2 protein chains.
Amino acid sequence: MGGIRDVARHAGVAPSSVTRVLNGYPNISEDLRARVMAAIEACDYKPDAVASGLRRGVTRTIGIVVSDIVNPLFAEIVEGLEERLREDGYWFVLAHSHGDPEHDVESIRLLQQRRVDGLVLSVADETQPALLDILSRLRLPVVLLDREIEGWTEASAVLSDHRPGVAQVTGDLLDAGHTRVALISGSAETRPGRERLAGFREAFMARGLSPDSDIVQTGAMSVRAGQDAAREVLSRHPRPTAIITGANLQLVGVLKTMQELGLRVGKDVALAACDDVPIASLYAPPITVVARDTRQLGREAADLLLERLGDPARPARTIHLPTHVLTRASTQTLGAPEAGPTTPVAPQQP
Amino acid sequence: MGGIRDVARHAGVAPSSVTRVLNGYPNISEDLRARVMAAIEACDYKPDAVASGLRRGVTRTIGIVVSDIVNPLFAEIVEGLEERLREDGYWFVLAHSHGDPEHDVESIRLLQQRRVDGLVLSVADETQPALLDILSRLRLPVVLLDREIEGWTEASAVLSDHRPGVAQVTGDLLDAGHTRVALISGSAETRPGRERLAGFREAFMARGLSPDSDIVQTGAMSVRAGQDAAREVLSRHPRPTAIITGANLQLVGVLKTMQELGLRVGKDVALAACDDVPIASLYAPPITVVARDTRQLGREAADLLLERLGDPARPARTIHLPTHVLTRASTQTLGAPEAGPTTPVAPQQP
DNA sequence: CTGAAAGCGCTAACAT
DNA sequence: ATGTTAGCGCTTTCAG
């Protein structure tokens, strides 16, 4: 497959004319355009995006860093991002951190070398010094996904309002008579973890109660972390009558533990989760969640990035997106909060 | 951030010497290496991968085309791929087709322009003529994910053995007394759809039965397609007593429909699915599946690609990966008394 | 062992 | 309106 020179020779024109036709420059004669198009066809010519990128100083590629694409939350965000970016002719390169903060920094460095035009980040640890270090040197538009990096205001961000959502479910549980409500959530190194904890506390304090003894925080957003945390919290005496999970993979772990222990969701222990992942609505009984529109989150992030890509002078912006509580059976069917089960029973069909 | 010339000037050496140090050439004096490294440090120099790619004719980037990253199946495959590719310093650019075959072809074209070094494809339609057309012109190593393209032997492939797996679950259901077993699966335009149908038929024929009247095939691997197909198949008289779903998103649709219709999984209708996605094992009752190691599938695909990247002369290879049936309660509790609590049944290995 | 110079394929500035 | 030329930043001959 030849280059632009071959096409030019074939059409009997200059290479620059081929470029002009390809990139829709004005003032091109119909004759030239036709000859060039024919030659492009004849040579099966495909412009080399690498060469073009080198010359233009722009790659039309965005780097995306998330912890784990298997997490449906990130998968949906990435899909939202992709849809919007692609409309504008951008592609993306994806890097996983698997929850490792150093991996995040390394990914950013390598994406920078690949000359991506912008970055969308959901870092594993906002507080890592090396992160601030590399970001502050970076001359690239950055959008943070539900993250806040202290001391760095150059980035745009899309933030979800976790606090009021979690405060509401927590409050609903307390108002329904639950006295021992546990929170299993992500660490404070990340905004959602902090905000959810804040919302949780808020609900208690608004009622003159103190939640601290039943809070369990786990750093890892993983099934195992949720499983372990649930084992710990459910072994306490008196046992909590309700659990709120803050990360969707942890929810899976909590469900597993409850199955192991023969505890029925919504009967023996009320359960609420964050993010309306498929498992939440399909579980029997369906699980109450603090939901948000993840695809929209991705789209908004893309918009934020595109606006700065189009005009680098535009200042960074922060967008807040709402959450809303979807109340389902898992927090509504509790019979006798203090009564333990005698026999293991499968969750009921609705 | 300066280029290699700045570093060279700073170190008092030639640009080519900087390259040599960076790329680990032999026969470099300690003095030169030290001076260059110091200059690199001082300039905070990061080599430009775009320029390097243009010169070398290689980008260390792989193009991956899948229908939908939100599908946990693809998410896990991509994760497996990524892990392995990254070990060898490769990155990937991801394109979604959303099930549109033309989108696949377009993505391949654009990835080719970006000069990816190889391609990993899970196309939406193997039979599309434009696909064969573009692939046969392509001078790039390609690995197919559970796909076979007739008339094109240049590609390596990783194939899952769906047929025996589906034949086994189907047979198990028939042997358990089910006479009306329905298949809700993907179209024949894609290998898994064909293989699953073949396995399904195989089980019937081995027993002197004919399955055709209860087969439902839907083209789309989507929740809605599964929902619609389940509505159709469950409205037949007599109603099927068992359903096998062939695509994991369709499973979700089938579950929704059954909830709508008030049909209990495993009680009113036995249910088996393909691929052990989280929802299958967590559902109540847990759902029997034809499982496979998706992460391994990704890793094997990466290996296949890397071996051809390392030596383009190597011939394409095809790898077969096994499936195995995980029998769970959804196919074992049919006819059980409605009242009593159901104890989860331990998965049986074949 | 190191330097000088050419060029990957494209595009933008300058010419006509 | 189109052609000519230089050069993006790096790597690779080719010299020395």
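Every value quoted in this text rests on a predicted model; they were computed, and no experiment measured them.
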Worksheet, complete the sentence: Taken to the nearest whole Å, CZ/A/Arg35 to C1'/D/dT2 is 11 Å
Fill in: Closest approach of B/Ile69 to B/Ala75 (non-hydrogen atoms, all atoms of both residues)
O-CB, 3.6 Å
Worksheet item: Can you find a heavy atom in the side chain of A/Thr318 that is under 4.5 Å from one in the side chain of A/Ser156?
Response: no
Practice prompt. Rounded to the nearest angstrom, tell me the gap between atom CZ in A/Arg9 and atom P in D/dG3.
Written response: 14 Å
Worksheet entry | B/Asp117/B/Arg60 salt bridge by N-O under 4.0 Å criterion | no
Discussion item. Any heavy-atom pair between the side chains of B/Arg308 and B/Asp303 that's under 4.5 Å?
Written reply: no
Discussion item. Any non-hydrogen side-chain atom of A/Leu121 less than 4.5 Å from a side-chain atom of A/Leu135?
Written reply: yes
Discussion item. If I take atom CD in residue B/Glu30 and atom C1' in nucleotide C/dC1, what distance separates them, rounded to the nearest angstrom?
Written reply: 13 Å
Fill in: Rounded distance (Å) that lies between atom P of D/dA1 and atom CZ of A/Arg33
12 Å
Item to complete: Find the distance A/Arg60:CZ to C/dC10:C1' and express it as a whole number of Å.
Response: 16 Å
Discussion item. Please encode protein proximity along nucleotides 7-13 of chain D as a string of B, S and -, counting only heavy-atom distances under 4.0 Å.
Written reply: BBBBBB-
Discussion item. Distance check needed: D/dG3 P versus A/Ile28 CD1, whole Å only.
Written reply: 11 Å
Item to complete: Using the test salt bridge (Lys or Arg N to Asp or Glu O under 4.0 Å), find all partners of B/Arg295 that sit at least two apart in sequence or belong to another chain.
Response: B/Glu76, B/Glu79
Item to complete: With heavy atoms under 4.0 Å as the rule, sort A/Val13 into base, sugar-phosphate or nothing.
Response: sugar-phosphate
